[in-house]
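One structure is given below, encoded as structure tokens.
This is a predicted model, so every value here is computed, not measured. Letters A, B, ... mirror the listed sequences (proteins, then strands); counts begin at 1.
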Amino acid sequence: MKDARIEDIGKYEGLEVTLKGWLYNLRSKGKLHFLQVRDGSGIIQAVMFKPNFDPEFFKEVKKLPQESSIIVTGKVKKDKRSALGYELDVTGLEIIQKSDQYPIQPKEHSVEFLLPRRHLWIRSRMQWAILRIRAEIIRAIRDYLDDSGFLLVDTPIFTPAACEGTTTLFETQYDSHHKAYLTQSGQLYNEATIMAFGKTYCFGPTFRAEKSKTRRHLREFWMVEPEMAYAHLEDVIRYSEGMIMAIVERVLDRKKVELEILERDVSKLEAIQTPFPRMSYQDAVKILHEKGVDFKDGGDFGSEDETILSSMNHSPLVVHRFPSAIKAFYMEPDPEDDTYCLSVDFLVPEGYGEVIGGGERMSDPDLLLQRVREHNLPEDAFQWYIDLRRYGSVPHGGFGLGIERTVAWMCGIEHIRETIAFPRMLYKIYP
RNA sequence: UCCUCUGUAGCUCAAUCGGUAGAGCGAGUGGCUGUUAACCACUAGGUUGGGGGUUCAAGUCCCUCCGGGGGAGCCA
């Protein structure tokens, strides 16, 4: 008898296998029990026929609560009536534990009810599908970068000072002499590692202590941040585009079952193609004004502006050369007009907003020092960063992609809180 | 901090003009050989978020506090 996983149950057609899992749902019809069994890799229907079992035991199974842990043995049969294509003709069933009455039913629940039960909620079909797509997206990103010659170099979570000074940071007491702040970005460190390795990326959690309470914000979220030496804005855009395409293609190719569970309109994803449409910040402002949007030139786009711009195309929209005033201090000025900088945002369709932000970094030490002072940043803390421009400075750039927003977009779900196993949100930290 | 919606059974929701609190799911008991959120019958389940007010009468109207959702601000 073979231990099998539901994921590749097709390989065992006609054979008797053992599945170790949990009872997802149970329907009973007189002499038949239909058990929906999940094992983490999928859900299969297991059928018990009364004459094959001890009558007392058969009765006991009918009363098994949802999520009871069970080990099921049976013969794998092809069956057109099953969504999976196969079902299990049960020959043996071992009850490992009878669950207590399980709070989450296979039906609609409110977020208020589900969020405090996130540790159980992740067992549900849709959550299972989302988190599997997330894992595939992460694999696609790492494969893409590894295959393109980027080296993974991890950057610290504890940082001595604000990466960019302005945003709200989570403060911790690091030791008796120092406070430390949870990182908002590994980028500044990436700028050091590229000078050692050429092309690098960091991949990890980042923290923002803003009081944002929207469907696009989490307090703890994951970012992948590639950075390249000897690179210009055009290289940044090219790799960003390549990475998004790699993600889209991989998910469409390997996550069909999950997309179907989520009822994702895949035609929206299939329509994405390179090159992505591009426009400068100034052109974007013109378009907003033509559409009658009350937008102040020089300001940052609000979520509604982003939605208007990004829904003009199937593919993500590349907006470049934002005003220096609304971007980070380290952005390289546009040689054509230094009120703008060589920055870029990727706005994805369907209202998911900015998924990538990046640009070319400043390479001149004097100008960088000037910017640090203009922004009232602690000069001492940035000494090492300025050093990078003193010892063999080169044009360089990179970008950051937010994992959760990307997952939400791929899955077509409303809120990014479902794209991570245990979301950290304002006023919510349980479980 | 502001705007807006919302709070009724374990869960998801209903309750007309202010007139005795209702259904489905879940739970319990029984039935059924192909169910797909199975179905059928019966049973239990309520301080309508808390406090105050108006009224003969409040789930419903008013005030207030608390909780929750969405958004704005904020957010490379």
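A:Lys29 contributes no side-chain N or O that forms a donor-acceptor pair with the base of B:rC39 under 3.5 Å. Looking at A:His217, its side chain comes within 3.5 Å of the base of B:rC75 through a donor and an acceptor atom. The base of B:rC74 sits with one of its N or O atoms less than 3.5 Å from a complementary donor or acceptor on the side chain of A:Ser212.
Distances shorter than 4.0 Å separate some side-chain N or O of A:Lys31 from OP1 or OP2 on B:rU33. Look at A:Lys213 and you won't find any side-chain N or O under 4.0 angstrom from OP1 or OP2 of B:rG68. Considering only side-chain N and O atoms, A:His109 lies nowhere under 4.0 angstrom from the phosphate OP1 or OP2 of B:rC25. For A:Arg216 and B:rA72, the shortest distance from a side-chain N or O to OP1 or OP2 is below 4.0 Å. The shortest distance between the side-chain N/O atoms of A:Ser110 and the OP1/OP2 oxygens of B:rU12 is below 4.0 Å.
Considering only the side chain of A:Arg208, B:rC75 comes nearest among B:rC32, B:rC75, B:rU35. Closest to the side chain of A:Lys327, out of B:rA76, B:rG34, B:rC11, is B:rA76. Closest approach to the A:Ser303 side chain among B:rG34, B:rA72, B:rA37 is made by B:rA72 (side chain taken as heavy atoms from C-beta onward). If you check B:rC32, B:rA76, B:rG34 against the side chain of A:Ser185, the one that comes closest is B:rA76. Picking from B:rG70, B:rA37, B:rA76 the nucleotide with the shortest atom distance to the side chain of A:Ala328 gives B:rA76. Nearest to the side-chain atoms of A:Glu112 among the listed nucleotides B:rG71, B:rU33, B:rG68 stands B:rG68.
A:His33 and A:Ser28 share a donor-acceptor pair across their side chains, judged by distance under 3.5 Å alone. Side-chain N/O atoms of A:Thr193 and A:Thr200 include a donor and acceptor closer than 3.5 Å. A donor atom on one side chain and an acceptor atom on the other are not found under 3.5 Å apart for A:Arg81 and A:Gln45. Residues A:Glu225 and A:Ser185 bring a donor and an acceptor atom of their side chains to less than 3.5 Å of each other. With no hydrogens or angles considered, a side-chain donor-acceptor pair links A:Thr91 and A:Glu16 at under 3.5 Å.
For B:rC17, the base adopts the syn conformation, since its glycosidic angle falls within 90 degrees of zero.
Both A:Arg215 and A:Tyr102 lie close to RNA chain B; mapped to their nearest nucleotides by heavy-atom distance, the more 5′-ward contact belongs to A:Tyr102. Take the nearest nucleotide of RNA chain B for A:Val47 and for A:Gln101: the residue whose nucleotide is more 5' is A:Gln101.
Atom CD in A:Glu87 sits roughly 13 Å away from atom C1' in B:rU33 (whole-Å rounding). If you take CE of A:Met48 and C1' of B:rC32, they are 17 Å apart, rounded to a whole angstrom. Look at NE2 on A:His33: it is 13 Å from C1' on B:rG31, rounded to the nearest Å. Straight-line distance from the CE atom of A:Met223 to the C1' atom of B:rC75: 12 Å, rounded to whole Å. Distance CD (A:Glu306) to C1' (B:rC75): 10 Å, rounded to an integer number of Å. With rounding to whole Å, A:Leu115 atom CG is found 11 Å from B:rG68 atom P. Note: CZ (A:Arg125) to C1' (B:rA37) measures 11 Å, nearest angstrom. Rounded to whole angstrom, the span from the NZ atom of A:Lys107 across to the C1' atom of B:rG24 amounts to 7 Å.
Using a 4.0 Å heavy-atom criterion, one finds that A:Glu304 contacts no nucleic acid atom at all. At the heavy-atom level, A:Asn25 lies under 4.0 Å from the strands shown only through sugar-phosphate atoms. Residue-level contact check: A:Glu414 touches neither bases nor backbone, having no heavy atom under 4.0 Å from any strand. If you check every strand for non-hydrogen atoms under 4.0 Å, A:Gln45 touches a base. Using a 4.0 Å heavy-atom criterion, one finds that A:Phe34 contacts the bases of the nucleic acid, with or without backbone contacts as well. A:Lys80 comes within contact range of no nucleotide atom at all, as no heavy-atom separation falls under 4.0 Å. Among the protein residues, A:Phe322 comes within range of no part of the nucleic acid, since none of its heavy atoms lies under 4.0 Å from any strand. Residue A:Gln105 is in base contact, counting any heavy-atom pair closer than 4.0 Å across all strands shown. Across all strands, A:Thr214 comes closer than 4.0 Å only to sugar-phosphate atoms, never to a base (heavy-atom distances). Residue contacts shown for A:Asp100 are absent, as no nucleic acid heavy atom lies under 4.0 Å away.
Within the shown strands, B:rG71 is the pairing partner of B:rC2 under the Watson-Crick or G-U definition, both distances less than 3.5 Å. Checking B:rU48 for Watson-Crick or G-U wobble geometry (two distances, each under 3.5 Å) identifies no partner in any strand. Remark: B:rU60 base-pairs with no nucleotide; criterion is Watson-Crick or G-U wobble with both hydrogen-bond distances under 3.5 Å. Remark: B:rU43 base-pairs with B:rA27. Criterion, Watson-Crick or G-U wobble with two distances under 3.5 Å.
Less than 4.0 Å separates RNA chain B from at least one heavy atom of each of the following residues of residues 416-431 of chain A: A:Arg417, A:Lys428.
Comparing B:rG26 with B:rC66, their P atoms sit 38 Å apart, to the nearest whole Å. Straight-line distance between the C1' atoms of B:rC65 and B:rG19: roughly 29 Å, to the nearest whole Å. To the nearest whole angstrom, the two P atoms, one in B:rG30 and one in B:rU35, are 24 Å apart. For B:rU8 and B:rG46, the C1' atoms lie 8 Å apart once the distance is rounded to whole Å.
Aromatic ring centres of A:Phe150 and A:Tyr144: separated by at least 6.0 Å.
Between A:Tyr201 and A:Val153 there is no side-chain heavy-atom pair separated by less than 4.5 Å. By the 4.5 Å heavy-atom criterion applied to side chains, A:Arg118 and A:Arg417 are not counted as neighbours. Proximity of A:Pro316 to A:Val355: side-chain heavy atoms (C-beta onward) are nowhere separated by under 4.5 Å. Residues A:Lys62 and A:Arg27 are not in side-chain contact: their nearest non-hydrogen atoms beyond the backbone lie 4.5 Å or more apart.
Between A:Phe329 and A:Tyr385, the angle of the ring planes goes over 60°, which puts this pair in the perpendicular group of the 30/60° scheme.
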